[in-house]
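Values reported hereafter were calculated over all heavy atoms of this structure, with side chains retained and with hydrogens, waters and symmetry mates removed. None of these values were measured; they are calculated from a predicted model. In what follows, every chain begins at residue 1, and chains take the letters A, B, ... in the order their sequences are listed.
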Amino acid sequence: MLIFDDYKEIILKRLRELYPDISQNDVELGRDYGDFTLKIFKLKEDPKIILKKIKENLSEDFIERIDLQGNYINFFIRPENMLGIIYNSIKDFGYFPNTFQDTSKVLIEHTSANPTGPIHVGRIRNSIIGDSIYKILERYGYRSCTQYFVNDSGKQVISLYLGHVKYHKNEKPDLQNLLDGYQRIYREMETNKSIENEIEALAERYEKGDKELIDNIQHVASIVLDSVKSSLKKIGIEISTYVWESNFILYGDVNKMLESISENLKSEGSAKYIEIGDKKIFLTRADGTSLYFSRDIVYHLFKQENFDWLVDVLGEDHKDHAKNLEYVLKTFFDFQSKIDFVFYGFVSLENGKMSTRKGRIVTLDDLYEKTIEESVKIIKEKRPDYDENLIKNVSEAIAASSIRFNIVRVNANKPIVFKWSEALNFEGDSAPYIMYSYARACSVLRKSSKSGGELGNDYNKYEKDLIRVMYSYPYSLKSAVEFLRPDIIANYLLNLSKAFNEFYLNCPVINTPEESKRILLIMVYKNIMEDASKLIGIKLLDEI
RNA sequence: GGGCUCGUGGCCUAGUAUGGAUAAGGCACCGUCCUUCUAAGUCGGUGAUCGUGGGUCCAAAUCCCACCGAGCCCGCCA
């Protein structure tokens, strides 16, 4: 929970003393008209009288003035009051807003990609959204943790193993030959049906607990998984815990789960299913092997043992699966945790869908390398004085931040078409724009000898705008949590950076009478930038 | 065919949950500003019947209905 002096709440309370019907939504954060705005359409009273009554009842010090404009009443807050709240919070607690530690434990499951190939730009949307949600919930005061559910027991990963046995048996398995074997076996399958039988035979042995086979499959899967981990690490994503699907089979949890709901299971041949309306959800195959749905039930029951709130980040292709899963968990099992699903639209290439099997992908590593290259080129052009070490630091920060920002800033339910020209654009609404604005602030602070200890009392338009955007940070944070939408933080950062850039261009600091006051403003800005950037994985540097 | 999601200037994105002030940014294009703290920046200009058609309402990008277009799902795959 966020803790700060919320002027909106105070204003709302006073307004309701006069007009009890005023709702939360009738008062909103103002844009250019005022700091807070009340819509008075509903009040059915002469606006001038409303204004008069409100002015009489709202005599708080922090109110600078109250204006009537058409059907809106605008409230202007003294900038020094807003800034004072932010500044005091940072001074006392290290950040603004302060938080109250929530007792709820939340687990964010993200990525969980089948370990059958390198992670590509289609899949990183999952990781980027998931990691950002994790950091946002953590900041808000939840005790948070991330988890990757590793599929090492489905047909895909069995194919990965079989591909290696068939085509690269004498080579030590590595990412390259595993991927080749995987793609080759799917090509082969198109003409040779017997391969499917081989896979099924392996699945059956697997399910019966063939230890050697399970170990071998886990071995190849872990090689691929390690590559996924190291790719994600480059963009600042480290997942707290990994849970392997095979464990639930090995230790009999899947079977126990099936027994516990045996009354509700129906049979078609030897295959078992649950009926939801006229839909059949199969839990086991005719040969007795388990299906993803069963393993996912067991996995969610396992998760709820330790967490009060589960958040699953899933591709939009999982919408039906998730709906059915939630229904089954709540109907047939003792499932108490709160559960939320965050879906995201696919990232496609300009020439169509990505496919690991068909080799039509842009991997995260490719994208990272190209972004570094482009960034180095630009740094050498713009900052000829930077040494190799600095170039390396800056280009790596820009690459990680740009990749994350370009993906996280768009609303998850919109599809994205990946374009190199956009991925490598470092101007306008981009991560470097935010990083640049921050570096400018750092530069001023470096060059000033003032410590910024005093709050001023007259702030010009640019200073006031900056203060207002900074004050609105908790509102964005709150929305991001409420709707599990990290894009809200990304857009907030753009607005904040823009407000600073305008201030910077119009308000000289060093060697002016306003230096102390403005240094304080910049210090506060720096703190909020660091706070918000961290949430979506933008790496800020003192100089870029 | 059924279900879910999306459609906002030439291109990309915000605004839609909670209807309300001239639809806000960016890219591209034209022009402005470095004798002052990083020009990856700033300011100005060109450019939008908010997919189409109805409806509700004092008021619709936002709500409702229909249609069109795109994506995803409709497996004893995951």
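When heavy atoms are screened at a 4.0 angstrom cut-off, Phe41(A) is found touching base atoms of the nucleic acid. Using a 4.0 Å heavy-atom distance criterion, Ile544(A) is classed as a base contact. Using a 4.0 Å heavy-atom distance criterion, Ser23(A) is classed as making no nucleic acid contact. Within the 4.0 angstrom heavy-atom criterion, no nucleotide atom of any strand lies near Arg518(A). In this structure, Ile379(A) reaches the bases: a heavy-atom distance under 4.0 Å links it to at least one base atom across the strands shown. Residue Asn411(A) is classed as a sugar-phosphate contact, given heavy-atom separations below 4.0 Å to backbone atoms only.
Contact annotation: Arg409(A) side-chain N/O to G25(B) OP1/OP2 distance is not under 4.0 Å.
Below 30°, between 30° and 60°, or above 60°: for His321(A) and Phe293(A) the angle between ring planes is above 60°, a perpendicular geometry.
Here Phe282(A) does not lie in a stacked arrangement on the base of G75(B), lacking the combination of planes under 30° and ring centres under 5.5 Å apart.
The base of A40(B) sits with one of its N or O atoms less than 3.5 Å from a complementary donor or acceptor on the side chain of Arg383(A).
Nearest-nucleotide positions on RNA chain B place Tyr504(A) closer to the 5' end than the other of Asn151(A) and Tyr504(A).
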Donor-acceptor contacts, no H, no angles, side chain residues 340-353 of chain A, under 3.5 Å, sequence neighbours left out:
from: Asp340(A); atom 1: OD2; to: Trp309(A); atom 2: NE1; distance (Å): 2.8
from: Tyr344(A); atom 1: OH; to: Asn126(A); atom 2: ND2; distance (Å): 3.3

